[in-house]
Amino acid sequence: MDLVEESPYRFRIDRRDPMRVPGVVFAAEALLPEIGADGSLEQVAAVATLPGIVDASFVMPDVHLGYGFPIGGVAATDVAAGGVVSPGGVGFDISCGVRLLTADLDLAGLRPRLDAVMDGLAEATPRGAGRGAAWHLAGRSDVDGVLRDGSRYAVQRGFGVERDLARCEDQGALGDADPGAVSDRAIERGAKQVGSLGSGNHFLEVQAVTEVYDQRVAEVFGLRPGQVCVMIHCGSRGLGHQICADYVRRMERAMPRYDIQVPDRQLACAPVSSPEGQAYLGAMAAAANYARANRQLLTHVARLVFRRVTGAGLDVVYDVSHNQAKIETHGVDGERRSLCVHRKGATRALPPGHPDLPAELGEVGQPVLIPGSMGTASYVLTGVSGAPAFASTCHGAGRVRSRKQAVRAERGQDPREQLVAQNIAVRGASRRGLAEEMPTAYKDIDAVVEATEGAGLCRKVARLVPIGVVKG
DNA sequence: ATGTGC
């Protein structure tokens, strides 16, 4: 794929038929050799053919191959111009995202009790495929509560405090959720999984702040050097997965009716304004709320353990999704337009002064939470004014090897030993599960974050390192 | 990512 350098951190894929807009790759020169070998840039060009797409088909420096759409991608369609919504543009793990908690505790104070904290977290955190959850929903009214009101419902039921909600994207619940658009099968899969980590790259990590790049913003976020934090990375489990599968099938069948042709069946889509588009967005919002309730329950579990073992409380810095489509208003060619912004492996990053931010964050911008690969650093960033790509940035390190390749690369080595040698406590996960997530399988998170900052997508606020990790 | 794979 030919890339034209537009600036040091921005490369263009020129538009050619049937692309409607160009592709844009945000990356540093040094990352380019690791980008595109998997075919993800062909996916960028394919996404650019979607009806109603505006500006460009964007990807972040952590781009890699996904289902139809690349992971690390941002694509916005103009609702009034027949713009489409596509389940592949959100991904199977709907509203997968990250929540960061701060402990009123420093690393030195945690060290003597670290083993007890990790044992407590390991015992209390349901994880792995199909293994139960912290909260078993009792009947249809609980299910509807979670699907409609997300973290808000979890807090209402006693699994958190009101302040948590102010520090969540959408105040803890995405509007316009339609539980009626969610299949019985999806609900059946999800009912016993609220408050569970899942597997793959999902984790609950105890971290410590090692670097503060912006003192003023870090202070507003509640972060200081040496501070202990808890990062939770998980999604909508079997429920989101089932919804994605259901709607890919439904849209595949609907496309001829709207005379939509796509270069790849995995790009199945329907106009946002169509019955199929509306049903998907309603089901997707329900899954998004489920994922938020999931992170709220894991917050509750972590609080119980920290309180019991260390006496420390945990406050929410922020909770933000990196797999979601949202109807947002943005300027396009000097006009305010209603757009369906697909972010798949990309994080919303609101600039300072944005009306959707809670008052206490208004002056500094939205906290953006970026998990590194297992055993490497994570970042807290903030949104900046005038950024490209509809106020979005990266979501993590981004794979460079498939899971299978990662396991092969770790043959004859012990991933657990490698983490312990770095003084990182590990709980859970099979040898294979750990091998799939080793840093050699990912790009360098420091380089990815530097490229996003260089591209003017966000600004660094703080860097955190792992102390202990609970894996699915 | 996923009641993990044709």
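Predicted model, so just to flag it, every value in this text is computed and none were measured. Excluded from the calculations below are hydrogen atoms, water molecules and symmetry mates; all remaining heavy atoms, backbone and side chain alike, are included. Order of the sequence lines fixes the chain letters, A, B, ..., with proteins taken first and strands second; residue numbering starts at 1 for each chain.
Atom pair Asp93(A):CG and dT2(B):C1' shows a separation of 9 Å (rounding to whole Å applied). The interatomic distance linking His241(A) (NE2) with dG5(B) (C1') rounds to 12 Å, in whole Å. Following rounding to the nearest Å, His202(A) (NE2) and dT4(B) (P) show an atom-to-atom distance of 16 Å. We find that OH of Tyr67(A) is positioned 17 Å from P of dT2(B), with the value rounded to whole Å. Atoms CD (Gln242(A)) and P (dT4(B)) sit 12 Å apart, rounded to a whole Å. The CZ atom of Arg432(A) sits 14 Å away from the C1' atom of dT2(B) (whole-angstrom rounding). Between the P atom of dT2(B) and the NZ atom of Lys192(A) lies a distance of 17 Å, rounded to the nearest Å. In this structure, CD of Gln193(A) is placed 11 Å from P of dT4(B), rounded to the nearest angstrom.
Proximity of Arg403(A) to the phosphate of dT4(B): no side-chain N or O atom is located under 4.0 Å from OP1 or OP2.
Donor-acceptor pairing under 3.5 Å is lacking for the side chains of Gln296(A) and Arg152(A). Side-chain polar atoms of Arg99(A) and Thr299(A) form a donor-acceptor pair below 3.5 angstrom. Checking Arg237(A) against Ser196(A) by side-chain atom types alone, a donor-acceptor pair falls below 3.5 Å.
Among the protein residues, Arg185(A) comes within range of the nucleic acid bases, having at least one heavy atom under 4.0 Å from a base atom. No engagement by Gly235(A) is indicated, since no non-hydrogen atom pair under 4.0 Å with the nucleic acid exists.
At least one side-chain heavy atom of Phe390(A) sits less than 4.5 Å from a side-chain heavy atom of Val74(A).
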